Amino acid sequence: MTESASPHISQPRIMVLGVQPGTPPFRIMEIDGEVVGSARTVTDVLETAALYGIRVHDLDDPDVVRWVGGDKFTWRHH
């Protein structure tokens with residue numbers, strides 16, 4: 001199999017991990033494989049990305065952001 005025939009596996013720079021219990025609940029955020037902080041809202045994700053020079057145009061693009069344990073609307077611990 002040539003490289004061009006192999007499936008593309010994206011490694012997005014931003015990972016937003018599953019919801020953690022807290023008051024309010026939060027999600028741990030990684031950029032380039034390193035924990036950079038926590039997010040309580042989508043706005044927190046965008047602001048943190050901007051601090052690292054990353055412009056996010058589409059929060060649903062898996063090549064940009066990987067949402068683990070939910071999506072951009074998941075902010076409560078179940």
Side-chain angles (χ1 to χ4, degrees):
M1 180 184 295
T2 65
E3 186 175 323
S4 62
S6 63
H8 172 70
I9 299 172
S10 71
Q11 277 299 118
R13 292 190 65 194
I14 303 167
M15 293 238 321
V16 183
L17 304 179
V19 178
Q20 302 297 309
T23 306
F26 64 95
R27 298 176 79 167
I28 295 171
M29 195 171 160
E30 294 181 358
I31 293 181
D32 296 331
E34 294 190 32
V35 173
V36 295
S38 62
R40 289 179 168 77
T41 65
V42 170
T43 303
D44 291 344
V45 172
L46 294 172
E47 288 175 350
T48 302
L51 287 173
Y52 284 81
I54 303 169
R55 284 186 156 181
V56 178
H57 297 286
D58 183 358
L59 286 165
D60 295 318
D61 183 348
D63 289 331
V64 177
V65 181
R66 179 169 296 149
W67 299 93
V68 179
D71 59 17
K72 66 183 177 189
F73 300 112
T74 307
W75 295 98
R76 291 194 174 150
H77 185 63
H78 297 284

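Positions are given from 1 along the sequence. Not measured: the values here are computed from a predicted model.
Of the inter-residue distances, the one linking M15 atom CE with I31 atom CD1 reads 12.0 Å to the nearest 0.5 angstrom. Interatomic distance, OG1 of T41 versus CD of E47, reported as 7.0 Å (0.5 Å rounding). The line from NE2 of H57 to CD1 of I54 is 11.5 Å long, rounded to the nearest 0.5 Å. Between D60 atom CG and D71 atom CG the span is 8.0 Å, to the nearest 0.5 Å.
Linking ILVMFWY side-chain heavy atoms closer than 4.5 Å, directly or via other members, places V42 and I28 in two distinct hydrophobic clusters. By the criterion of side-chain heavy atoms lying less than 4.5 angstrom apart, applied directly or through intervening Ile, Leu, Val, Met, Phe, Trp or Tyr residues, L59 is grouped together with V64 in one hydrophobic cluster. F26 and V68 end up in the same hydrophobic cluster when Ile, Leu, Val, Met, Phe, Trp and Tyr side chains are linked at under 4.5 Å. Under the 4.5 Å side-chain heavy-atom criterion for ILVMFWY residues, a single connected hydrophobic cluster contains both M29 and V56. Linking Ile, Leu, Val, Met, Phe, Trp and Tyr residues whenever their side-chain heavy atoms come within less than 4.5 Å places Y52 and V65 in a single cluster.
For R27 (side chain) and V45 (main-chain N/O), no donor-acceptor pair under 3.5 Å exists by modelled atom type.
Here the options are V16, I14, L17, the test is side chain to side chain contact (heavy atoms under 4.5 Å, CB included), and the partner is E30; only L17 passes.
A 4.5 Å side-chain heavy-atom check between V19 and R76 finds every atom pair outside the cut-off. Using a 4.5 Å heavy-atom cutoff, the side chains of W67 and T74 are not in contact.
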